[in-house]
Amino acid sequence: MPVTDPHRMQRLKNIFASTSPVYSIFMNTGCAFSCEIFANAGLHIIAIDCQHGLFTEDTAIDALHAIQSADAVPIARCRWNDPAHIMRLLDFGAMGIICPMINTAKHAQQFVDACRYSPRGNRSFGPIRASVVYGAEYYKMANNSVRTIAMIETKQALSNLDEILNITELDGIFVGPNDLSIDLGHPPLLDKDHPEFDKIITHIADKANAKGKVTAIFVGDRQGAKKRIEQGYNFIIVSNDATVLKQQAAKMAADMNNLSG
Ligand code: 3PY
Ligand code: MG
């Protein structure tokens, strides 16, 4: 029996509709086996990072194969607001796109247009792998299933937040706390306590929640996740596979060196 399943397509939408926070991790090593490990570890969503991660379009396909081995939903951060690249990631089977550096309503409109078929956008038809994985219904269901998430990570995006949030086809925003803090004149703050910056982070969540959008943010660890959830975020991307591997490798080496010392 073929393993096509149109219901898989609705999973991301359904996950975001839940009232509990949702967790993911960025895959940055460019390694499909790493994606398989994290996808089978129990996270809701696995996010392939084509912006800062080592993935190319070719290896993103391997990552999608690997994620499919588990129950996790595959999404991708595109390398930039580049319609050709976004369309390929969707054709490969990513069910959501996180787009970096969306600073104006025009940027946001260009982004969501690339994710929706006409008349709701200008995505070109050719779901080569997506129609194999999700079945013949893919075309009919794609516009209502693919999730569009715009990164808010500059001063300019902050000042245009209301206009960005008014874009109908935009399903959510994702705060990049490092880029945003840098643009506001700080070192990269990630989830460090910083009253002035924390106020801005809460303000973004309040505005996005009032519009019924997914409110996503990047954090370093569990403590950071807890804080951002309290500030109003419901989709948390925690760390990345390269960092987790680095941390565990350092711990393992220190443990072994202590043993022999
Ligand atoms: C940022 O913090 O700027 C990010 O893009 C997180 O991934
Ligand atoms: Mg960023």
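Just so it is clear, the structure is predicted and the values come from calculations on it, not from any experiment. Atoms within a ligand are numbered from 1 in the order they appear, just like the ligands themselves.
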Taking the six-membered ring of Phe26, is NZ or CZ of Arg77 closer than 6.0 Å to its centre and within 45° of its axis?
yes

Among the N/O/S atoms of Asp179, the Mg ion (ligand 2) lies closest to OD2

Ring geometry between Tyr117 and Tyr139 (parallel below 30°, tilted from 30 to 60°, perpendicular above 60°):
tilted

List every atom of ligand 1 that sits less than 4.0 Å from any heavy atom of Met151, numbering the atoms from 1 in the order shown and giving each element.
4 (C), 5 (O)

Pull out every atom of ligand 1 sitting under 4.0 Å from any heavy atom of Gly176, numbered as shown with elements.
1 (C), 2 (O), 3 (O), 4 (C)

Answer yes if the side chains of Asp221 and Ser239 hold a donor-acceptor pair under 3.5 Å, and no otherwise.
no

When you measure from the heavy atoms of Gln51 to every atom of ligand 1, does any distance fall below 4.0 Å?
no

Under 4.0 Å to a heavy atom of Asp179 - the qualifying atoms of ligand 1, by number
1 (C), 2 (O), 3 (O)

Tell me which N, O or S atom of Glu153 sits nearest to the Mg ion (ligand 2).
OE1

Looking only at heavy atoms of Arg77, does any of them come nearer than 4.0 Å to an atom of ligand 1?
yes

Identify the closest protein heavy atom to atom 2 (O) of ligand 1: which residue and atom is it, and at what distance?
Asn178 N, 2.8 Å

For Ile173 versus Ile149, what's the shortest heavy-atom pair and its separation?
C-CG2, 3.8 Å

Donor-acceptor pair, Asp241 side chain versus Ser34 backbone, under 3.5 Å?
no

In terms of ring plane angle, is the pair Phe197 and His194 parallel, tilted or perpendicular, where the classes change at 30° and 60°?
perpendicular

Atoms of ligand 1 under 4.0 Å from any heavy atom of Glu153, numbered from 1 in the order shown, are 1 (C), 3 (O), 4 (C), 5 (O)

In Å, rounded to the nearest 0.5 Å, how long is the span from CD1 of Ile97 to CE of Met87?
11.0 Å

I need the atoms of ligand 1 closer than 4.0 Å to a non-hydrogen atom of Phe26, numbered in the order shown.
7 (O)

